[in-house]
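FYI, the numbering just counts along the sequence from 1.
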Amino acid sequence: MTDEERIKLEPSWKERIGSYLQRPEMRTLSEFLRAEKHAGKVVYPPGPEIFNAFAHTPFESVRVVILGQDPYHGPGQAHGLCFSVRPGVQPPPSLINIFKEIERDLGIAPPDHGCLTPWADRGVLLLNAVLTVERSLAASHQCKGWEGFTDAAIDALNREREGLVFMLWGSYAQRKGQLIDTRRHAVLKAVHPSPLSAHRGFIGCGHFSAANRYLQANGQEPLDWSLPPRAQLDGAAI
């Protein structure tokens, strides 16, 4: 993780957490990823997209943080934004439930795709706790070093920013919530949107309207949770 040409971390993030990439545990992580690829294992997302969440949402642009666990592990799904898939890829069940809750909460009809890049470009940091995964093997890269790096990102936001909204869905994301000062930021908690748990409290949580109320109460514009149709995204940098 020390090759400056290979690490394309967005400048405002690099200023704050770039030094973390030089730590021994990140070098160990880099060696692990190289060994996995040399062994013929397929790792998602592709290398240039690993830091996509930071690329689309610079530090000062963050308004809302949605924390995921690790990337989708199916072919063509993960592109560096938690819960998101590229246009043309079937939205996974958790994302379908997210769209259902937005429709219930805000009356916004689900889009004809599952690409959340427009959210990221509007200030929603779509951050997985673990940024890589082996194909077809969920959670395969947990405890390899990514968690400390994403903790550093959350810690920087907690300390240097005020009035952010953190959406923590499921116990894994909620453990990350220990890093967040609830006197400075809004922390919204619910069960995970997975079909296994969504109807035990995610559907009906009202997080999207609650986020907008909090932003407005703190002198900010509400966030536009709608997504453009797929035809408008085709060919865009996502």
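Within the structure, ring-ring contact (aromatic ring centres under 6.0 Å, His included) contacts touching residues 63-84 (residues at least two apart or in different chains) are Phe83-Trp169, Phe83-His192.
Each of Met167 and Val130 belongs to its own hydrophobic cluster when Ile, Leu, Val, Met, Phe, Trp and Tyr are linked at side-chain heavy-atom distances under 4.5 angstrom. The cluster map of Ile, Leu, Val, Met, Phe, Trp and Tyr, joined by side-chain heavy atoms under 4.5 Å apart, puts Leu106 and Leu215 in the same cluster. Under the 4.5 Å side-chain heavy-atom criterion for Ile, Leu, Val, Met, Phe, Trp and Tyr, Leu29 and Phe51 are members of the same hydrophobic cluster. Trp13 and Ile50 fall within a single hydrophobic cluster, where Ile, Leu, Val, Met, Phe, Trp and Tyr side chains are chained together by heavy-atom contacts under 4.5 Å. In the hydrophobic cluster analysis, where Ile, Leu, Val, Met, Phe, Trp and Tyr join through side-chain heavy atoms closer than 4.5 angstrom, Val89 is grouped together with Leu116.
Ring pair Phe54/Phe149 is perpendicular by interplanar angle, where above 60° counts as perpendicular and below 30° as parallel.
Here the two rings, on Phe166 and Tyr214, have centers that are 6.0 Å apart or farther. In this structure, His207 has its ring center no closer than 6.0 Å to that of Phe202.
A distance of 6.5 Å separates CD1 in Ile98 from CD1 in Ile66, rounded to the nearest 0.5 Å. With values rounded to the nearest 0.5 angstrom, Leu227 atom CG is found 7.5 Å from Leu233 atom CG. Taken from CG in Asn158 to CG in Asp151, the straight-line distance is 11.5 Å, to the nearest 0.5 Å. Atom-to-atom distance recorded for His113:NE2 and Phe99:CZ is 7.0 Å, nearest 0.5 angstrom. Rounded to the nearest 0.5 angstrom, Leu179 CG and Ile154 CD1 are separated by 6.0 Å. Taking CG of Leu125 as the start and NE2 of His56 as the end, the distance is 11.5 Å to the nearest 0.5 Å.
No more than 12 heavy-atom neighbours from other residues, nucleotides or ligands sit within 6.0 angstrom of CZ on Arg135.
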CA sep, side-chain torsions, deciding dist, call: Val165, Leu188, side chain to side chain contact (heavy atoms under 4.5 Å, CB included): CA-CA 7 Å; Val165 179; Leu188 306 178; 3.8 Å; yes
Residue pair Trp119, Asp224: steps toward the side chain to side chain contact (heavy atoms under 4.5 Å, CB included) verdict: CA-CA 8 Å; Trp119 288 2; Asp224 178 7; over 6 Å; no
Glu134 and Lys144: CA distance, side-chain angles, deciding distance, salt bridge (Lys or Arg N to Asp or Glu O under 4.0 Å) verdict: CA-CA 12 Å; Glu134 182 183 339; Lys144 301 296 185 183; over 6 Å; no
Audit row: Ile17, Leu9, side chain to side chain contact (heavy atoms under 4.5 Å, CB included) steps and yes/no: CA-CA 9 Å; Ile17 59 174; Leu9 193 57; 4.2 Å; yes
Stepwise side chain to side chain contact (heavy atoms under 4.5 Å, CB included) test for Lys37 and Arg34: CA-CA 5 Å; Lys37 291 175 183 177; Arg34 280 197 296 271; 6.0 Å; no
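Side-chain contacts under 4.5 Å among hydrophobic residues (ILVMFWY), followed directly or transitively, place Val133 together with Val42, Tyr44.
Using a 4.5 Å cut-off on side-chain heavy atoms (C-beta onward), Ser30 and Met26 make no contact. With a 4.5 Å cut-off on side-chain heavy atoms, Cys82 and Leu127 do not count as touching. Residues Pro229 and Pro111 fail the side-chain proximity criterion, which asks for heavy atoms closer than 4.5 Å. You'll find the side chain of Val62 reaches within 4.5 Å of the side chain of Leu157, heavy atoms only. With contacts defined as side-chain heavy-atom distances shorter than 4.5 Å, the pair Phe32/Glu36 qualifies. By the 4.5 Å heavy-atom criterion applied to side chains, Pro195 and Ser94 are counted as neighbours. Residues Ile108 and Phe208 are not in side-chain contact: their nearest non-hydrogen atoms beyond the backbone lie 4.5 Å or more apart. Between His141 and Val43, the closest side-chain pair of non-hydrogen atoms falls below 4.5 Å.
In plain terms, the two heavy atoms of Val124 and Leu223 that are nearest each other are CG2-CD1, 3.6 Å. Of all non-hydrogen atoms in Asn97 and Pro193, the two that sit nearest each other are ND2-O, 2.8 Å. Glu103 and Ala109 get closest at one heavy-atom pair: OE2-CA, 4.0 Å. The two residues Ser12 and Phe59 have their closest heavy-atom pair at OG-N, 2.9 Å. Val85 and Leu95 make their closest contact through CG2-CD2, 4.5 Å (heavy atoms, listed as atom of the first residue, atom of the second, distance). The shortest heavy-atom contact between Thr117 and Ser84 is N-OG, 4.3 Å.
Under the 4.0 Å criterion applied to side-chain N and carboxylate O atoms, Glu101 and Arg104 are assigned as salt-bridge partners.
Remark: side-chain polar atoms of Gln69 are not paired, donor with acceptor, to backbone N or O of Gly170 under 3.5 angstrom. Using modelled atom types, one side-chain atom of Thr57 and one backbone atom of Ala120 make a donor-acceptor pair closer than 3.5 Å. Within the 3.5 Å criterion, the main-chain N or O of Gly74 finds a donor-acceptor partner in the side chain of Gln77. In this structure, the side chain of Trp225 does not engage the main chain of Asn212 through any donor-acceptor pair within 3.5 Å. The main-chain N or O of Glu147 is found under 3.5 Å from a side-chain atom of Lys176 such that the two form a donor-acceptor pair.
Put simply, the residue from Arg184, His185, Gln220 that forms a side-chain contact (heavy atoms from CB on, under 4.5 Å) with Leu164 is His185.
With sequence neighbours excluded, no residue forms a salt bridge (Lys or Arg N to Asp or Glu O under 4.0 Å) with Asp112.
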